[in-house]
Amino acid sequence: MDLRESMSLYPLGTAAAPEQELLCIFGTGDLGRSLGQRLLHSGYRVVYGSRRPHSCGPLPQGAQAMSHEAAAQSASLVFLCIHREHYDFLETLAPQLQGKVLVDVSNNLKKNLYPEANAECLQRLIPGAYVVKAFNTLSAWALQNGPSDANRQVYLCGNGAEAKQAVAEVATKLGFAALDRGSLSAAKELEDFPLQLFPEWRMPLYVAVGLTAFIFVYVVIRDVVYAYVEQGEDNSFRIMVSLANKVFPIVSLIMLSLCYLPGVIAGFIQLYRGTKYRRFPDWLDRWMLCRKQLGLVALGFAFLHMVYTLIIPIRYYVIFWGSANTISQIRENRTSVFDTTTAWRSDSYYSMGILGFGLFLLLGITSLPSVSNALSWREFSFIQSKLGYLTVFFCTFHTYLYGWDKFLRTYKWYMPPAYMLSLVLPSVLIVLKLLLLLPCVDRSLTRIRQGWERTDTDLPSKSSIIR
């Protein structure tokens with residue numbers, strides 16, 4: 001026997017490097033190029049199938065381009081990054097795609113465009129292949145930048161367990177979490193995911209629009225219509241800035257309270273039930289799931305309030321009345337007396353507003369995935385819960401200082417000042433939260449959230465009560 005035939009070609013103590021798996025991509029558009037680049041960076045070899053392999057545009061460095069037939073024969077897993085209307089040519093490739101795993105990443109322009117899902121159509125065209133719907137919920141940008149800056153989840157569905165496992169392994173190697181949604185009949189649902197317009201933001205936006213419209217109409221009636229009807233004054237110019245700067249903080253404070261109120265309600269429900277293992281009502285579940293969106297919308301309104309407040313000194317209305325008042329005092333030889341109480345109130349009012357807005361910004365920043373992923377659960381909970389309620393307190397106190405004694409003297413057409421409407425919900429929230437913080441209540445709630453359940457033996461019996 002020739003020793004040279006059995007001699008290892010690698011140095012002693014080292015193993016032969018495993019050959020990189022070859023994957024095929026049909027389609028050289030933005031998504032196909034981004035997917036190929038991500039696969040190359042993750043250790044795969046990539047070949048593109050194209051109608052014009054020699055003039056298909058720039059490809060990621062390290063990838064090859066060849067005809068559809070040659071590319072399909074070279075790999076066992078093929079990504080189809082093409083639109084449904086171009087599926088026809090795949091029928092001619094049925095022999096080359098026999099037994100291959102076809103990953104359909106296509107989406108439609110709108111819902112119910114076709115009677116069947118794209119993946120189901122593909123399976124019907126090539127019955128000998130194993131079609132898996134996956135990666136269609138990721139954009140080219142998400143694939144290029146990786147899971148640290150984008151959605152980490154890859155939804156997939158298909159009829160073959162081994163085919164889905166192969167696709168899931170690729171997704172995991174790319175850094176994504178694969179979530180199996182069942183058989184290929186779920187493909188239509190996956191294809192509808194990218195077509196949904198702000199599904200998690202829908203209720204918060206409806207609430208914001210409804211509150212804004214109601215408060216705006218309220219302040220217009222109270223400050224513009226009343227002045228015109230009762231005093232003959234035209235204050236309509238105040239709508240653009242003054243009234244808008246009343247609406248924004250009111251909506252912001254109410255929505256911030258709506259962000260934390262479901263947590264308090266959930267605490268009282270758990271105390272009443274004596275367990276954490278029973279589901280909350282559906283309305284409370286949906287409310288709690290959109291707390292992040294409620295908080296971010298509230299932050300947007302708070303930011304608008306801050307910007308509108310900063311432009312107050314440069315408004316024509318403010319400059320005119322400030323100058324007129326100064327000239328009037330000079331002509332009448334009159335001097336205003338410094339009021340220490342008013343100075344304390346105004347400084348405290350501004351201070352509470354600045355502190356509240358600063359904490360509000362901190363809550364918004366830490367809710368971003370790139371920031372929250374860098375925090376431990378304890379750190380995240382401390383900021384979003386403890387500092388969140390402190391934010392509610394500062395913003396509520398800021399509003400009380402703004403109102404001061406106005407609630408005693410300014411009722412137009414029996415309508416209370418608009419700021420009073422914004423104080424109802426946060427005041428109730430603070431009182432309820434203080435009740436939950438009472439040592440006896442907090443102790444019981446903590447035990448329940450740690451797994452303790454109240455049983456019938458923990459309750460006093462009827463006979464013992466009668467005695």
Side-chain angles (χ1 to χ4, degrees), residues 23-36 39 46-52 56 66-140 142-143 153-168 170-171 176 178-197 199:
L23 301 180
C24 173
I25 299 176
F26 282 4
T28 55
D30 291 339
L31 185 64
R33 290 198 301 268
S34 298
L35 177 59
L39 290 169
V46 175
V47 60
Y48 282 92
S50 175
R51 292 169 296 174
R52 299 182 298 273
C56 59
M66 55 182 68
S67 66
H68 288 122
E69 294 83 356
Q73 287 178 338
S74 63
S76 60
L77 194 149
V78 181
F79 287 93
L80 298 178
C81 302
I82 55 179
H83 293 289
R84 175 170 177 158
E85 49 266 30
H86 304 306
Y87 280 0
D88 294 342
F89 80 96
L90 295 172
E91 285 188 277
T92 62
L93 299 177
Q96 291 84 2
L97 297 174
Q98 182 77 18
K100 303 292 179 74
V101 177
L102 304 185
V103 184
D104 178 33
V105 302
S106 66
N107 287 312
N108 296 319
L109 296 177
K110 59 182 181 180
K111 292 183 179 181
N112 302 318
L113 192 60
Y114 301 102
E116 60 181 351
N118 296 348
E120 292 176 315
C121 172
L122 189 62
Q123 185 68 82
R124 179 170 50 79
L125 288 175
I126 312 175
Y130 300 98
V131 177
V132 176
K133 187 74 183 183
F135 289 93
N136 68 301
T137 57
L138 299 179
S139 64
L143 287 168
Q153 296 177 335
V154 169
Y155 298 100
L156 58 91
C157 68
N159 294 332
E162 293 183 2
K164 288 193 290 185
Q165 180 62 31
V167 177
V170 173
F176 297 96
L179 298 179
D180 190 348
R181 300 304 293 261
S183 68
L184 203 61
S185 60
K188 197 167 185 64
E189 180 185 354
L190 296 190
E191 291 172 5
D192 286 343
F193 277 179
L195 300 177
Q196 296 176 359
L197 183 63

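Bear in mind that the values here come from a model prediction, so they are computed numbers and not experimental data. Counting from 1, the numbers follow the sequence of the chain as shown.
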Could you go through the side chain to side chain contact (heavy atoms under 4.5 Å, CB included) check for Ile126 and Val131 one step at a time? CA-CA 9 Å; Ile126 312 175; Val131 177; 5.9 Å; no
Applying side chain to side chain contact (heavy atoms under 4.5 Å, CB included), run through Val101 and Lys164 and close with a yes or a no. CA-CA 9 Å; Val101 177; Lys164 288 193 290 185; over 6 Å; no
Show your working on side chain to side chain contact (heavy atoms under 4.5 Å, CB included) between Asn136 and Asp104 and close with a plain yes or no. CA-CA 8 Å; Asn136 68 301; Asp104 178 33; over 6 Å; no
Is there a side chain to side chain contact (heavy atoms under 4.5 Å, CB included) between Asn107 and Leu195? Walk through the geometry before answering. CA-CA 9 Å; Asn107 287 312; Leu195 300 177; 5.7 Å; no
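Looking at Phe193 and Arg181, their side chains come closer than 4.5 Å, going by heavy atoms from C-beta outward. Here the side chains of Val103 and Leu156 are not in contact, with every heavy-atom distance at 4.5 Å or above.
Screening Arg84, Glu120, Lys133 against Glu191 for a side-chain contact (heavy atoms from CB on, under 4.5 Å) leaves a single residue, Lys133. Evaluated for a side-chain contact (heavy atoms from CB on, under 4.5 Å) with Asn118, the options Leu190, Leu80, Asn108 yield exactly one hit, Asn108.
Residue pairs satisfying the ring-ring contact (aromatic ring centres under 6.0 Å, His included) criterion with at least one member in residues 116-140, sequence neighbours excluded, are listed as follows: Phe79-Phe135. Within the structure, every pair that satisfies the ring-ring contact (aromatic ring centres under 6.0 Å, His included) test and touches residues 88-108, not counting sequence neighbours, is listed here: His68-Phe89.
Atoms CD and OG, from Gln96 and Ser67 in turn, are 9.0 Å apart once rounded to the nearest 0.5 Å. We find the CD1-SG distance between Ile25 and Cys81 to be 5.5 Å, quoted to the nearest 0.5 Å. Leu122 CG to Ser106 OG: the interatomic distance, rounded to the nearest 0.5 Å, is 8.0 Å. In this structure, OG1 on Thr137 lies 12.5 Å from CG on Asp192, to the nearest 0.5 angstrom. Of the inter-residue distances, the one linking Leu23 atom CG with Ser76 atom OG reads 7.5 Å to the nearest 0.5 angstrom. Here the straight-line distance linking atom CG of Asn112 with atom NZ of Lys188 works out to 5.0 Å at 0.5 Å rounding.
Side-chain atoms of Ser74 come within 3.5 Å of backbone atoms of Ala71 as a donor-acceptor pair (strictly under, hydrogens ignored). Between the side chain of Gln123 and the backbone N or O of Ala129 there is at least one donor-acceptor pair closer than 3.5 Å. Here the side chain of Lys100 pairs no donor or acceptor atom with the backbone of Val78 at under 3.5 angstrom.
Shown here for Tyr48 and Gly32, the closest heavy-atom pair between the two residues is OH-O, 2.8 Å. Heavy atoms only, all atoms of each residue included: Tyr87 and Cys121 are closest at CD2-SG, 4.3 Å. Residues Asp30 and Ala140 approach most closely at O-CB, 3.9 Å, considering heavy atoms. When all heavy atoms are compared, the tightest approach of Cys157 to Ser183 is CB-O, 3.3 Å.
No more than 12 heavy atoms of other residues, nucleotides or ligands lie within 6.0 Å of NE2 in His83, so this atom counts as exposed by the packing criterion. The 12-atom threshold is not exceeded at CD of Glu162, counting heavy atoms of other residues, nucleotides or ligands nearer than 6.0 Å. Within 6.0 Å of the NZ atom in Lys110, the count of heavy atoms belonging to other residues, nucleotides or ligands does not exceed 12.
Judged as a side-chain hydrogen bond (donor to acceptor under 3.5 Å, both in side chains), and not counting sequence neighbours, the contacts of Glu116 are Arg124.
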